[in-house]
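Take a look at the structure set out below.
Whatever order the structure lists them in is the order used to number ligands and atoms, beginning at 1.
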Amino acid sequence: MIFSRITGTGGYLPDRVLTNKDLETMIDTTEQWIESRTGIRERRIAADDEFTVDLAERSALKAVEAAAIEPRAIDLIVVATTTADQVFPSTACLLQQRLGGEGYPAFDVQAVCAGFLFALGVADKFVRTGAARCALVVGAETFSRIIDWTDRRTCVLFGDGAGAVILQAGDRPGVMSTHLHSDGRYKDLLYVPVGVSRNFSKVRAGTAYTTMEGGEVFRWAVTAMSDIIDETVQANGLGKDDIDWLIPHQANIRIINAVGARAKIDPDKVVVTVSRHGNTSAASVPLALDQAVRDGRVQAGHRVLLEGFGGGFAWGSALITM
Ligand code: UT7
């Protein structure tokens, strides 16, 4: 049997730091409100001439280096993003050109904050079926571009960044299982109400902004992300004590704590990076994974449960043996 294994991780955050103190000068808020309600201390903002593919490339090159492969070994790129550089070509095609590859499939998936899990689930199936042997899976966002920086209910939450993994074929897992869900009935709780086909003039005017019913999203995020932990461990015939690390979507420390409490996961096993970069949407899970690998928490042989939740609603998980 063929399985896919994560053999390298990478992450990248833009240089510009926007602190809670900075936000006090922009909107009616306080450092204390933001940190106590969200756990976020600062977020990164891409430079005006820095685009999603730039962030994706930086994180991808770090993952390539960590996996000790050459970029030409890659034979599949899946990029999860909500904030593509262009309507088309896909950000994955732009990234493929940067990495000097050609011919193999490169495409984007869009599942907002759950995007990395969806991209990983797709890439894992390519590898398991023999359709790819060395996949680059990226979550990359310039979410700051779809934020209304006068709306205090949303602008304090989000930031820019990218995370990547190299997924290679092997004879043992690796990715043990992935679990993906969507429910479009909740499309009106978290959305950007414009696109190419609808209200495109607002895109042109630069007023395509994220809108959210924060409290409702909070409740759903906690329920979906704790239930999917049970689904994931049960599918593998495991118990929660068999999980070495939980790496949840990094949106709000209160959501992360509530998920851990509801799912009865030891808080010491939960990776939390939200204070440094806020909610980076599809980049959040691979950024947190990369951080935990590089600081030595996640080690070879550890079982890691990744999970994400966001607009759609869309949510997903993956159980990985590193
Ligand atoms: O990836 C999935 C995407 N999103 C999320 O996961 C986010 C989910 N939601 C949340 O994280 C939280 O609901 C928020 C952080 C957005 C809000 O926290 P909350 O504890 O649910 O606050 P709230 O919305 O109930 O607002 C409490 C008060 C309100 O004032 P009133 O109506 O009680 O007078 C808000 O107007 O806090 C006010 N408020 C603020 N005050 C200072 C809202 N935003 C701010 C702010 N600074 N930035």
Exercise for the section: Decide yes or no for W149 and S144: does some side-chain heavy atom of the first lie under 4.5 Å from some side-chain heavy atom of the second? Expected result: yes

At a 4.0 angstrom heavy-atom cut-off, ligand 1 is contacted by D28, T29, W33, R37, T38, C113, R152, R153, V156, L157, L190, M212, G214, G215, V217, F218, H249, A251, N252, R254, I255, N279, F309

State, yes or no, whether a side-chain contact exists between L117 and E307 at a heavy-atom distance under 4.5 Å. no

For T38, the side-chain hydrogen bond (donor to acceptor under 3.5 Å, both in side chains) test, sequence neighbours excluded, returns none

Query raised in the report: Quick check: does any side chain N or O of E141 sit under 3.5 Å from a backbone N or O of T280, one acting as donor and the other as acceptor?
Result: no

Sequence neighbours excluded, the answer for side-chain hydrogen bond (donor to acceptor under 3.5 Å, both in side chains) partners of E231 is H179, H181

By side-chain hydrogen bond (donor to acceptor under 3.5 Å, both in side chains), K269 pairs with (sequence neighbours left out) none

